[in-house]
There are 2 protein chains.
Amino acid sequence: MAQDLTIGALAKRAATKVQTIRFYEQEGLMPAPARTDGGQRRYAKAHADRLAFIRHARELGFPLDAIRELLHLVDKPDQPCARVDRVATDVLADVEAKITRLISLRGELQRMVRQCRHGRVAECRVIKVLADHSHSHCLSDDHGH
Amino acid sequence: MAQDLTIGALAKRAATKVQTIRFYEQEGLMPAPARTDGGQRRYAKAHADRLAFIRHARELGFPLDAIRELLHLVDKPDQPCARVDRVATDVLADVEAKITRLISLRGELQRMVRQCRHGRVAECRVIKVLADHSHSHCLSDDHGH
DNA sequence: CTTGAAGCTACAGCGACTGTAGCATGTAGG
DNA sequence: CCTACATGCTACAGTCGCTGTAGCTTCAAG
């Protein structure tokens with residue numbers, strides 16, 4: 001077919017690395033493509049669409065396992081989409097938890113940096129805050145992670 | 001000395017795993033402690049302080065390399081703390097970048113989940129949004145990461 | 001002296017790639 | 001037709017910060 005892509009051309013289109021595509025194939029996320037007589041991969045449009053799906057999901061924070069599940073579900077279009085919804089909601093909850101935690105980290109870091117008087121290490125607030133054991137429990141609600 | 005701690009007791013105090021402490025020693029973050037005749041580690045208070053410092057810095061998102069640098073600086077208290085400030089500011093910038101990105105992800109995920117009509121997979125908005133290539137560039141300002 | 005918890009070393013595994021070494025293939029120009 | 005040379009191939013190591021496991025030894029209490 002005329003519109004077949006080499007792995008390099010596909011990688012450029014999807015803004016991924018060549019190795020990443022081979023990695024997705026190995027992980028069962030991308031189907032094995034046709035090969036030339038010499039053994040090189042040649043991709044059709046369906047592969048490009050699938051790769052775009054995977055990349056978009058990855059950018060949104062979906063782990064590969066979740067993407068694998070979504071790809072299975074795409075092949076069963078008559079089923080109810082409750083599981084799709086579940087996967088997406090789980091990712092959303094994960095993203096929200098990360099935001100909450102990072103905002104609390106940002107607060108503590110900002111306080112630390114703001115208090116630094118740019119003197120010598122001996123009296124540096126940053127070092128003092130890090131060394132101060134009494135601060136360390138204010139974030140520990142998450143250490144089970 | 002009477003106040004020496006086994007690795008297990010130290011781990012419990014610092015809310016870490018035993019293996020994590022050995023890992024920090026191997027990485028040069030924790031100094032090698034005294035050993036019993038049988039070869040078991042025995043820790044003094046200085047080790048507990050150092051471990052608390054490391055753990056607190058880790059909770060704040062400092063990578064181990066940054067912590068290594070801070071620990072070196074702690075041993076040179078007469079130097080200006082500009083480098084300490086630099087390390088902390090870098091971590092803060094990193095945290096802020098992550099927050100910005102995650103908030104944009106959250107927005108897209110919320111839209112996706114909200115539009116789901118809980119029908120069949122064939123007409124699922126979540127799947128459609130993920131498959132739609134035209135959405136995939138709205139976050140790509142960060143793909144260099 | 002025995003038992004059982006806790007310690008020891010060494011190494012594999014996680015997630016999601018990324019990089020490297022050492023070849024083979026494909027294609028464009030001469 | 002031949003030669004460069006970019007690109008492709010496989011296989012495997014490395015990234016980060018731990019965590020878990022196997023197979024053994026040591027310690028402290030009873």
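Note on naming: letters A, B, ... go to the chains in the order of the sequence lines (proteins, then strands), and numbering restarts at 1 for each one.
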Side-chain donor/acceptor of A:Arg58 to backbone N/O of A:Phe62, under 3.5 Å: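 Present.
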A:Lys76 side chain to B:Val121 backbone, donor-acceptor under 3.5 Å: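 Side chain of A:Lys76 to backbone of B:Val121, a donor-acceptor pair under 3.5 Å: no, none is there.
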Pair B:Tyr43, B:Arg50: side-chain N/O donor-acceptor within cut-off below 3.5 Å: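 No, no side-chain donor-acceptor contact under 3.5 Å.
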Side-chain N or O of [X] closer than 4.0 Å to phosphate OP1/OP2 of [N]:
X: B:Thr20; N: D:dT19; value: yes
X: A:Arg55; N: C:dC17; value: yes
X: B:Lys17; N: D:dC18; value: no
X: B:Arg41; N: C:dC8; value: yes
X: A:Arg35; N: C:dA24; value: no
X: A:Thr36; N: C:dG26; value: yes
X: A:Tyr24; N: C:dC17; value: yes

Take the protein atom [atom1] of [X] and the nucleotide atom [atom2] of [N], then report the distance between them rounded to whole Å.
X: A:Ile7; N: C:dG26; atom1: CD1; atom2: P; result: 14 Å
X: B:Arg22; N: D:dT19; atom1: CZ; atom2: C1'; result: 12 Å
X: B:Ile21; N: C:dC8; atom1: CD1; atom2: C1'; result: 14 Å
X: B:Leu60; N: D:dG17; atom1: CG; atom2: P; result: 14 Å
X: B:Met30; N: D:dG17; atom1: CE; atom2: C1'; result: 16 Å
X: B:Glu25; N: D:dC18; atom1: CD; atom2: P; result: 15 Å
X: B:Phe23; N: C:dG13; atom1: CZ; atom2: P; result: 18 Å
X: A:Asp37; N: D:dG8; atom1: CG; atom2: P; result: 17 Å

Residue whose closest nucleotide on DNA chain D lies nearer the 5' end, B:Thr6 versus B:Arg58: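 Looking at the nearest nucleotide for each, B:Arg58 comes out on the 5' side.
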5' precedence on DNA chain D between B:Leu64 and A:Gly8 (nearest-nucleotide basis):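 Nearest nucleotide further toward 5': that of A:Gly8.
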D:dG20 base / B:Gln19 side chain donor-acceptor hit below 3.5 Å: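 Such a pair is found, so the answer is yes.
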Over 12 non-hydrogen atoms of neighbours within 6.0 angstrom of CZ in B:Arg106: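 Yes, CZ of B:Arg106 has more than 12 neighbouring heavy atoms, counting only those of other groups under 6.0 Å.
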Approximate separation, where rounding is to 0.5 Å, of A:Asp4 CG and A:Leu10 CG: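 Atom-to-atom, A:Asp4:CG and A:Leu10:CG are 11.0 Å apart.
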5'-most by nearest nucleotide on DNA chain C - B:Gln26 or B:Gln40: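 Going by which nucleotide is closer to the 5' end, it is B:Gln40.
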